[in-house]
Amino acid sequence: TEFDTSKGVAAGPFNTPDRYATIGLPGDTGKGSWERTIAIYRTTFTWVVQAHESLPQAVAGTIFFRLYDASKTVFVPLMVGAMETIPAPYNIGSPGKYTYSSSRGRTARSRDESAYWAFRYIQNVAQIKYSYMIEDIRAAQKLLEKKGIDLQKHLIEYYITVTSMIENGDFDIDNETIRMNEYRARKRIEEELHMHANFVVESMWELFDRLMLKYADGGITLSNPNGSANSTDAGYPKSWLEKTEFSQGPERRGPPAPPDNRNNQTKQT
C-alpha cells in the first residue's frame with residue numbers, strides 16, 4: 001500500500017520498515033514526517049488476552065505477552081489464574097541500562113537474562129540486512145509461538161483432568177488434600193510456563209548469534225556438518241544501487257569478478 005514503509009529510499013537497500021526519531025533533531029527538514037508503523041521500535045510490550053468462561057479459573061485466562069518491537073519478538077503464554085510470579089527474564093530490563101539478573105556477570109549469558117534485551121538485540125541487528133534476516137526471525141517466531149500454544153492446550157487439559165478426577169470422587173481424600181492437589185497442579189502449570197518463557201529468551205539469544213554469523217560483512221555464511229563454512233557475497237539490489245553514486249564510482253580495471261566463494265577470492269587493495 002501507499003503506507004508501506006519497506007519501500008522507497010528511506011527503507012535502504014534491504015527494505016527495512018523501521019524509522020527512527022527525526023522531528024526536531026539535526027537533519028530535520030522542517031516539514032513532513034514518517035508513517036507510524038504498528039510494530040514501532042519503541043514499543044514497551046504487546047499482549048493478547050484470551051478468556052474462556054467455561055474453563056476452571058486457574059486456566060480460564062491466558063495473556064500472550066511480548067516485549068519490545070512486536071514484529072521481532074515472540075508471544076509467550078502466561079496463565080494468570082495459575083501463576084503467582086512472572087518469569088524472571090520478563091521482570092528486568094531498561095533501555096538505559098544493560099541489565100543482567102544472573103550473577104555470572106556481563107561476559108556470560110544465562111537463562112535468566114533480560115528478555116527485553118534479547119528482543120532489542122534482535123531488532124537492532126536485523127537492520128543490517130533486514131529483508132534477509134526477517135525471514136529467519138519469522139521462522140523462529142512461528143516455531144516458538146506454536147510451542148507456546150501447544151503448551152497452553154496441554155496445561156489446560158492437564159488441569160481439567162486433575163480437578164475432574166477430584167470432583168468426581170475418584171480420590172478418597174479430605175478437602176484439605178483436595179486444595180493441596182489443586183495447588184500443586186497450579187504450581188506445575190506455573191513451572192512449565194516459566195520454563196517455556198526462559199526457553200524463548202535463550203532461543204532468541206541463540207538466534208541473535210546465528211544472525212550475526214550468517215549475515216556478517218554483507219554476505220551469507222552457511223555452516224556445514226563438518227564444521228566448515230561457505231560464504232558468498234550478497235551484494236545490493238540493482239534498484240537501490242541505481243539511486244546511489246555507485247555507477248559514478250572509480251573506474252573498473254578488467255572484467256568484473258565472478259560471484260565465487262569469498263573464501264577462494266584474493267582481496268585486492
Side-chain angles (χ1 to χ4, degrees), residues 17-18 36-95 99 101 110-126 133-163 182-183 185-208 210-211:
D18 297 318
R36 182 187 176 97
T37 57
I38 295 174
I40 196 166
Y41 70 94
R42 60 177 177 267
T43 302
T44 304
F45 52 81
T46 309
W47 72 93
V48 176
V49 178
Q50 187 179 64
H52 297 274
E53 183 180 6
S54 61
L55 292 178
Q57 182 177 354
V59 293
T62 302
I63 296 176
F64 289 93
F65 188 76
R66 279 178 166 179
L67 284 171
Y68 204 61
D69 176 350
S71 67
K72 304 173 194 69
T73 181
V74 176
F75 278 117
V76 296
L78 304 174
M79 304 180 82
V80 295
M83 301 177 72
E84 296 180 349
T85 62
I86 64 173
Y90 289 80
N91 201 30
I92 61 171
S94 166
T99 311
S101 64
S110 70
R111 291 177 64 89
D112 63 342
E113 279 189 84
S114 167
Y116 170 84
W117 274 103
F119 299 130
R120 197 177 191 191
Y121 261 63
I122 294 293
Q123 196 275 350
N124 280 272
V125 76
M133 290 191 185
I134 194 62
E135 297 302 321
D136 297 71
I137 294 169
R138 287 170 179 164
Q141 286 174 320
K142 184 176 181 180
L143 176 64
L144 292 169
E145 290 179 356
K146 182 180 185 304
K147 285 181 178 292
I149 292 171
D150 290 345
L151 176 61
Q152 180 208 25
K153 292 178 180 178
H154 164 71
L155 293 175
I156 290 174
E157 292 172 358
Y158 159 74
Y159 190 83
I160 291 175
T161 299
V162 170
T163 55
E182 290 176 343
Y183 172 77
R186 291 195 301 273
K187 291 304 291 183
R188 175 180 169 182
I189 290 173
E190 182 178 51
E191 289 170 2
E192 293 205 29
L193 290 171
H194 274 244
M195 289 176 61
H196 174 71
N198 290 335
F199 175 73
V200 167
V201 174
E202 181 179 322
S203 297
M204 295 306 279
W205 280 117
E206 291 175 355
L207 174 62
F208 167 75
R210 292 200 307 273
L211 291 173

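The figures here come from the full heavy-atom set of this structure, side chains too, leaving out hydrogens, waters and symmetry mates.
Evaluation of the ring-ring contact (aromatic ring centres under 6.0 Å, His included) rule for Y159 yields no partner, not counting sequence neighbours. The ring-ring contact (aromatic ring centres under 6.0 Å, His included) search around F65 returns F45, not counting sequence neighbours. Qualifying ring-ring contact (aromatic ring centres under 6.0 Å, His included) partners for Y68, counting only residues two or more places apart in sequence or in other chains: Y116. Not a single side chain to side chain donor-acceptor pair (under 3.5 Å) links R210 to another residue, sequence neighbours left out. Every residue was checked against the ring-ring contact (aromatic ring centres under 6.0 Å, His included) condition with F75, not counting sequence neighbours, and none meets it. The side chain to side chain donor-acceptor pair (under 3.5 Å) check on T43 picks up nothing, with sequence neighbours excluded. Every residue two or more places apart in sequence or in another chain that forms a salt bridge (charged side-chain N to carboxylate O under 4.0 Å, His left out) with K187 is listed here: E190.
Contact check for I92 versus W117: no side-chain heavy atoms found under the 4.5 Å cut-off. You'll find the side chain of Q123 reaches within 4.5 Å of the side chain of D18, heavy atoms only. Here the side chains of V201 and N198 are not in contact, with every heavy-atom distance at 4.5 Å or above. Residues E145 and R66 meet the side-chain proximity criterion, which asks for heavy atoms closer than 4.5 Å. Side-chain atoms of M195 and L151, non-hydrogen and from C-beta on, never get closer than 4.5 Å to each other. With a 4.5 Å cut-off on side-chain heavy atoms, Y90 and L78 do not count as touching.
Nearest heavy atoms, D69 versus Y41: CB-CA, 4.2 Å. Of all the heavy atoms in D136 and L207, the pair that sits closest is O-CD1, 4.3 Å. Here the closest heavy-atom approach between residue I122 and residue M204 is recorded as CD1-O, 3.5 Å. When every heavy atom of V125 is checked against every heavy atom of L211, the shortest pair comes out as CG1-CD1, 3.9 Å.
A donor-acceptor contact shorter than 3.5 Å links the side chain of H194 to the backbone of T85.
Applying the salt bridge (Lys or Arg N to Asp or Glu O under 4.0 Å) test to residues at least two apart or on different chains, none of the pairs has a partner in residues 73-95. The salt bridge (Lys or Arg N to Asp or Glu O under 4.0 Å) analysis of residues 147-160, with sequence neighbours excluded, yields the pairs K146-D150.
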Name each donor-acceptor pair under 3.5 Å that joins a side chain in residues 48-58 to protein atoms two or more places apart or in another chain, with its distance.
{"residue": "Q50", "atom": "OE1", "partner": "Q152", "partner atom": "NE2", "Å": "2.6"}

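Summarising the geometry, atom OH belonging to Y158 is positioned 10.0 Å from atom OG1 belonging to T163; distances are rounded to the nearest 0.5 Å. If you take OG1 on T73 and CD on Q141, they are separated by 7.5 Å, rounding to the nearest 0.5 Å.
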With salt bridge (Lys or Arg N to Asp or Glu O under 4.0 Å) as the test, would you mind laying out the steps for R138 and E135 before giving the verdict? CA-CA 5 Å; R138 287 170 179 164; E135 297 302 321; 3.5 Å; yes

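Below 30°, between 30° and 60°, or above 60°: for F208 and W205 the angle between ring planes is above 60°, a perpendicular geometry.
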